[in-house]
Asks: 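What follows is a structure written as structure tokens; I'll ask about it next.
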Amino acid sequence: MDPAAELAVTRYLDDLGRMLSPAPPAQRAEVLGQVREHLDEAFAELGPQIGEEQARRVLADLGPAADIASAALPDTTPPTPMLARSSVPWLVLGLVALSFIPFFGWLTAIGGMVMFLVSPLWDRAGRSAAP
Amino acid sequence: VLAAVGTGDRYGLDIARALSHDGVLMGGEGTLYPLLSRLRKAGWVDTTWQESPAGPPRRYYRLTHDGERALAEFARLWGPFKDAVDAALSDGGH
């Protein structure tokens, strides 16, 4: 195989491997194995001398690596950001309520206020106050 | 995909080409593999390795009994569904 063709195939498989990293290891290995076999089979049909153009055509028929990865990971949803979790309002209230502690109270009060301002609670408060 | 796997043994590239040659059922050939992997996990498809006349050994796919039942059930529902869609489209055209 032409070195440029080999590079295109290696890049494709590397990209696919990286995109499949959130999948369970067994599923990731299975899908990567199947795609590798598909490529081996398609290249075996084309003969021993495979140019870059031929390799790119085989990869184009396979489709973008991102499509394969998204078909393998349909249920993946991005995790909730830490400051958007439902426990945050309680934590803010707790920190502010602890402000009566002598000497350290001002620290928890400031912590609570900072958390309130940087969390999505502040945006929500702004929206509900707007006319 | 179950219909393309069928009861005889078929290998990945063979199934992928059968499903993607017209570009209607599947855009790229590669999206077949996550589907086959899921069907195997569900117990509808089984795989075996066999020597290939040219090149490395091939992973062959075949429907299990559960897979055949699922395909038969789909075929049973597909007829009336297709007729209903055809009727709705021809009603809408008039």
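The chains referred to below are lettered A, B, ... by the order of the sequence lines, with proteins before strands, and numbering in each begins at 1. Computed over heavy atoms, backbone and side chain alike; hydrogens, waters and symmetry mates excluded. Here the structure is a predicted model, which is why all the values come from computation and not from measurement.
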Asks: Going from CG on A:Leu16 to OH on B:Tyr33, what distance comes out if it is rounded to the nearest 0.5 angstrom?
Replies: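 It comes to 12.0 Å.
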Asks: Strictly by modelled atom types, are B:Tyr61 and A:Gln34 linked by a side-chain donor-acceptor pair under 3.5 Å?
Replies: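 Short answer, yes.
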Asks: Determine the minimum heavy-atom distance between B:Leu13 and A:Ala42, stating which atoms define it.
Replies: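 In this case the closest contact between B:Leu13 and A:Ala42 is CD2-N, 3.8 Å.
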Asks: Considering residues, nucleotides and ligands other than A:Gln49, do more than 12 of their heavy atoms fall under 6.0 Å from its CD?
Replies: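 Count not over threshold, so no.
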Asks: With chain A, which of B:Ser20, B:Ser52, B:Pro57, B:Gly30 has the greatest number of heavy-atom pairs at distances under 4.5 Å?
Replies: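 Of the candidates given, the most pairs with chain A belong to B:Gly30.
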Asks: Report yes or no: do B:Leu32 and B:Tyr60 belong to one cluster of Ile/Leu/Val/Met/Phe/Trp/Tyr joined by side chain heavy-atom distances under 4.5 Å?
Replies: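 No, because B:Leu32 and B:Tyr60 fall into different hydrophobic clusters, even though each may have its own neighbours under 4.5 Å.
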Asks: Where is the tightest heavy-atom contact between A:His38 and B:Ala16, given as atom of each residue plus distance?
Replies: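 The answer is CE1-CB, 4.0 Å.
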Asks: Look at the side-chain heavy atoms of Ile, Leu, Val, Met, Phe, Trp and Tyr, link any pair under 4.5 Å apart, and say whether A:Met19 and A:Val9 land in one connected group.
Replies: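 No, it is not one cluster - the side chains of A:Met19 and A:Val9 are not joined through contacts under 4.5 Å.
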Asks: Using the rule that Ile, Leu, Val, Met, Phe, Trp and Tyr join whenever any side-chain heavy atoms are under 4.5 Å apart, tell me whether A:Leu13 and A:Ile50 fall into a single cluster.
Replies: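 Linked within one cluster.
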Asks: Do A:Leu62 and B:Leu35 sit in one hydrophobic cluster, given that two such residues count as connected whenever their side-chain heavy atoms are within less than 4.5 Å of each other, even indirectly?
Replies: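 Result: yes, single cluster for both.
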Asks: So which of A:Asp40, A:Val31, A:Asp61 has the largest heavy-atom pair count under 4.5 angstrom toward chain B?
Replies: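 Heavy-atom pair counts peak at A:Asp61.
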Asks: Heavy-atom distance under 4.5 Å between the side chains of B:Pro34 and A:Ile68, does that happen here?
Replies: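 Result yes, sub-4.5 Å side-chain heavy-atom pair found.
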Asks: Tell me, side chain or backbone of A:Glu41 under 4.5 Å from chain B's heavy atoms, or both, or neither?
Replies: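 Contact with chain B involves both backbone and side-chain atoms of A:Glu41.
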Asks: Considering only heavy atoms and a distance below 4.5 Å, find which of B:Gly28, B:Ser37, B:Gly12 pairs most often with chain A.
Replies: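 Most pairs with chain A among the choices: B:Ser37.
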Asks: So does A:Glu30 pair up with B:Arg40, basic N to acidic O under 4.0 Å?
Replies: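 Judged by the 4.0 Å cut-off on N to carboxylate O distance, A:Glu30 and B:Arg40 do form a salt bridge.
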Asks: Hey, could you give me the CG/CE distance between A:Asp67 and B:Met26, rounded to the nearest 0.5 Å?
Replies: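 If I round to the nearest 0.5 Å, the distance is 11.5 Å.
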Asks: Return the set of residues passing side chain to side chain donor-acceptor pair (under 3.5 Å) with A:Glu45 (not counting sequence neighbours), or none when no residue passes.
Replies: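 With neighbours one apart ignored, the set is B:Arg17.
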Asks: Is A:Leu39 reachable from A:Leu46 through a run of I, L, V, M, F, W or Y residues, each pair having side-chain heavy atoms under 4.5 Å apart?
Replies: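 A:Leu46 and A:Leu39: one cluster.
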